[in-house]
Amino acid sequence: MNRIGAAMRFRKPRAISSLDAAEIERRLAIALGKMTARQADIFVGVRFDETPYEELAARHGISVDQVTADFARALRMWSRCLHARFPSLVWPWL
């Protein structure tokens, strides 16, 4: 790995406190757009609607373990978009 790649790999993420509400909403929209429809529904259900995992599992016809896995993947995407310098470039192929 070259020096530039190594420097980018260990760069600190941008402080969340420097983001205003509009920027956080924009990043949330980007993150939701990069999730599958099921991941996005589970993420919104857990984070904002406080929907129980069992209800989400029944809604999607999957197990509670799969809901947990999908929520974890969605949460990783949200975190990457929230902390990225350029969130629209986080996994641009998705």
Side-chain angles (χ1 to χ4, degrees):
M1 181 180 296
N2 62 27
R3 281 189 305 165
I4 294 172
M8 290 180 70
R9 181 173 176 202
F10 297 108
R11 181 175 33 200
K12 286 184 176 179
R14 187 172 166 186
I16 297 172
S17 61
S18 68
L19 302 176
D20 62 4
E23 179 62 15
I24 291 173
E25 283 184 28
R26 188 179 76 82
R27 288 170 183 245
L28 178 59
I30 291 168
L32 289 171
K34 292 180 180 290
M35 297 174 195
T36 66
R38 188 171 81 185
Q39 287 171 350
D41 183 62
I42 289 170
F43 180 79
V44 170
V46 171
R47 278 295 201 194
F48 300 108
D49 300 336
E50 299 179 7
T51 307
Y53 282 37
E54 294 79 9
E55 184 179 326
L56 290 166
R59 180 187 309 171
H60 292 285
I62 58 176
S63 68
V64 172
D65 288 340
Q66 187 60 49
V67 170
T68 304
D70 282 349
F71 179 66
R73 286 184 190 99
L75 197 55
R76 273 194 305 274
M77 179 56 72
W78 165 231
S79 179
R80 287 179 181 200
C81 288
L82 182 62
H83 294 285
R85 283 195 183 277
F86 304 103
S88 61
L89 299 179
V90 175
W91 294 347
W93 55 87
L94 292 177

Can you name the nearest heavy-atom pair linking [X] to [Y], along with the distance?
X     : Y     : value
Gln66 : Ile62 : CG-CD1, 3.8 Å
Cys81 : Ile30 : SG-CG2, 4.0 Å
Leu75 : Arg47 : CD1-NH2, 3.4 Å
Tyr53 : Val64 : CB-CG1, 4.0 Å

Rounded at 0.5 Å granularity, tell me how far [atom1] in [X] sits from [atom2] in [Y].
X     : Y     : atom1 : atom2 : result
Leu19 : Leu82 : CG    : CG    : 6.5 Å
Ile42 : His60 : CD1   : NE2   : 5.0 Å
Leu32 : Leu28 : CG    : CG    : 4.5 Å
Met35 : Arg76 : CE    : CZ    : 11.0 Å

In plain terms, say whether Arg38 and Asp41 are close enough for a salt bridge, that is, a side-chain N and a carboxylate O under 4.0 Å apart.
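No salt bridge links Arg38 with Asp41.
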Arg73 side chain near Met77 side chain, heavy-atom distance below 4.5 Å
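A side-chain contact is absent here, since even the closest heavy-atom pair is not under 4.5 Å.
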Just by modelled atom types, is the Thr36 backbone N or O under 3.5 Å from a matching donor or acceptor in the Gln39 side chain?
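Answer holds: yes.
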How are the rings of Phe43 and Phe48 set relative to one another: parallel (under 30°), tilted (30 to 60°) or perpendicular (over 60°)?
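Rings of Phe43 and Phe48: perpendicular, as their planes differ by over 60°.
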